[in-house]
Amino acid sequence: MRFRLFLIPFFLLPLVLQAQFTPGLNKTLGLEMHAGFIYEHKPQISHLIEHHPVGFRITYDKKVYGKERWEQRYNFPDQGMTFVYMDYRNPALGKTLALIPHINFYLRGKREAKGQLNFKMGFGAGYTTTKYHPETNNQNNVISTDLTGAVLFQFGYQYKLSERMALTTSLSVTHFSNGSMKKPNSGINMFSNNTGLTYMIKYKSTEYTYNDEPKIETKPIGGSVTLSGGAHESIKIGSGARPFFVLSGLVDKQLNHKSRLGLVAEWFYSASLEDEVKYDDENKGKDTNRIGLALSHELMINKYSVMTQAGYYVYDPYHPFQSVYLRLGLRRYIGDRLYASCGVKSHSAKAEAMEFAMGYRIK
């Protein structure tokens, strides 16, 4: 069950790769060395932080010049892939290899300038060489599966040395977690400094295309219905992953070409929590269903969007987590109304589940 669920992120990868690896000119290859530290987000992982992790990253990017309107809207961002190799320099943690589709936004208005500030974000998958084992590696309480989700956020600076070559430096945070599919799952938050070079292949001098932005059509209130699911394990290690489902209804308003703001009402069911409450003498018999209300923001980028939500449980008799929850996800539209998505729901720094969803926009 866990293996099949972890194949779902790879269902999204071909959709991202289709835009990034189509034949064309002006692709860039990059190599970066990085070093940093594991953030101690909870005292229970302090014993694992012994040395500064080191590693390297290989990046591949496709340049855009305004062929589609969204490219100018986001200041001609790069789309690409980041391969990460991370050595934690701790035998209990081993090494991590990750493949992360990303988009790189340039923050300076004049894209022709040699120096550029940028912000990169990406969602992908990682492989960990050394995981938790109750007998041979019980010190590793952060990762208990071979495969994990991977999230990358980065602020950087790029300086063009020539028409083809550029120097890059950046500060990034990379998060690895299995979304509580299996416990223990404290997750790893890696902060790093990265320095390297990029080189443009199949180079052809190309000018950026600037067009007047059309006015956004005045639209009524819109909405969507989403069914999410997956599997996660309760607090007890070794109890096994059990299915969960989330049914969400969203009412939103498009603010501009980039953003929608809305309100979500959702119902949560977890078989894992049902099993857990049976053995909880203090809470035995309590209802484990939950109802939440959340604020939602959708950042629309071509056929993709980044979903960020913050919610509060208005009905939660069992109360296994904090009352406030957060969600970060990536959505891919299939046509105008149907979409698929994946994301992580958490309570502060504690992940509850990795969610995979299908949904339908009503307007």
Side-chain angles (χ1 to χ4, degrees), residues 13 16-36 52-87 97-124 150-174 190-213 258 301-302 304 306:
L13 286 178
V16 180
L17 296 176
Q18 182 180 2
Q20 294 165 354
F21 294 95
T22 51
L25 301 173
N26 296 352
K27 310 291 181 67
T28 63
L29 286 173
L31 176 63
E32 299 175 326
M33 307 305 294
H34 62 186
H52 291 287
V54 296
F56 66 88
R57 304 193 308 188
I58 299 173
T59 60
Y60 178 90
D61 285 279
K62 173 192 174 184
K63 300 289 183 182
V64 298
Y65 295 92
K67 182 179 179 180
E68 299 183 36
R69 289 193 180 276
W70 74 269
E71 297 171 357
Q72 178 185 338
R73 195 172 294 153
Y74 284 96
N75 200 23
F76 312 101
D78 299 337
Q79 304 169 76
M81 297 287 294
T82 298
F83 170 78
V84 179
Y85 171 83
M86 190 90 68
D87 181 355
L97 292 81
L99 193 61
I100 306 175
H102 69 248
I103 186 166
N104 191 26
F105 300 100
Y106 290 91
L107 306 180
R108 186 173 180 177
K110 188 178 180 182
R111 281 290 278 110
E112 295 83 357
K114 285 189 174 183
Q116 295 284 346
L117 291 170
N118 53 64
F119 170 71
K120 178 188 289 188
M121 63 178 178
F123 304 87
V151 181
L152 170 67
F153 293 107
Q154 173 181 298
F155 280 100
Y157 179 77
Q158 175 181 300
Y159 186 80
K160 189 184 293 185
L161 301 174
S162 67
E163 288 299 318
R164 290 193 171 202
M165 186 173 291
L167 175 68
T168 62
T169 183
S170 61
L171 297 173
S172 65
V173 56
T174 312
M190 172 70 186
F191 287 78
S192 63
N193 172 257
N194 320 286
T195 302
L197 292 170
T198 64
Y199 184 79
M200 191 175 294
I201 56 178
K202 297 185 179 180
Y203 172 71
K204 180 181 179 181
S205 180
T206 307
E207 294 185 357
Y208 294 101
T209 301
Y210 294 91
N211 295 301
D212 293 334
E213 183 75 282
K258 298 179 180 179
I301 309 169
N302 197 13
Y304 297 86
V306 178

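- Judged as a ring pair (Phe, Tyr, Trp, His ring centres under 6.0 Å), and not counting sequence neighbours, the contacts of Phe155 are Phe119.
- In this structure, the side chains of Met33 and Thr195 stay at 4.5 Å or more apart for every pair of heavy atoms.
- In summary, of the residues considered (Lys120, Arg57, Met190), a side chain to side chain contact (heavy atoms under 4.5 Å, CB included) with Ser172 occurs for Arg57 alone.
- Tyr199 pairs by the ring pair (Phe, Tyr, Trp, His ring centres under 6.0 Å) definition with nothing, not counting sequence neighbours.
- Considering only residues two or more places apart in sequence or on other chains, Thr28 meets the side-chain hydrogen bond (donor to acceptor under 3.5 Å, both in side chains) condition with none of them.
- With sequence neighbours excluded, the residues forming a side-chain contact (heavy atoms from CB on, under 4.5 Å) with Leu161 are Tyr159, Met165, Leu167, Leu197, listed by chain and number.
- Among residue pairs with one or both ends in residues 69-80, those qualifying as salt bridge (charged side-chain N to carboxylate O under 4.0 Å, His left out) are Lys63-Asp78, Arg73-Glu213; sequence neighbours excluded.
- Formation of a donor-acceptor pair under 3.5 Å by the Asn75 side chain with backbone atoms of Arg108 is found in this model.
- Under the 3.5 Å distance criterion, the side-chain polar atoms of Glu207 are left unmatched by any main-chain donor or acceptor of Tyr65.
- For the pair His34 (side chain) and Tyr85 (backbone), a donor-acceptor distance under 3.5 Å is present.
- Scanning for side-chain hydrogen bond (donor to acceptor under 3.5 Å, both in side chains) contacts around Thr174 gives an empty result, with sequence neighbours left out.
- For Ser205, the side-chain contact (heavy atoms from CB on, under 4.5 Å) test picks out Tyr203, with sequence neighbours left out.
- For Thr59, the side-chain hydrogen bond (donor to acceptor under 3.5 Å, both in side chains) criterion is met by no residue, not counting sequence neighbours.
- Residues forming a ring pair (Phe, Tyr, Trp, His ring centres under 6.0 Å) with Phe76 (at least two apart in sequence, or on another chain): Tyr208, Tyr210.
- With sequence neighbours excluded, the residues satisfying side-chain contact (heavy atoms from CB on, under 4.5 Å) with Thr209 are Asn211.
- Here Tyr74 pairs with Phe105 under the ring pair (Phe, Tyr, Trp, His ring centres under 6.0 Å) rule; sequence neighbours left out.
- Side-chain atoms of His52 come within 3.5 Å of backbone N or O of Gly36 as a donor-acceptor pair.
- Side-chain contact between Gln154 and Thr82 is absent, with no heavy atoms from C-beta onward closer than 4.5 Å.
- Taking CD of Glu112 as the reference point, atom NZ of Lys160 lies at 8.5 Å (rounded to 0.5 Å).
- Ring geometry for Phe153 versus Phe123: interplanar angle over 60°, hence perpendicular rather than tilted (30 to 60°).
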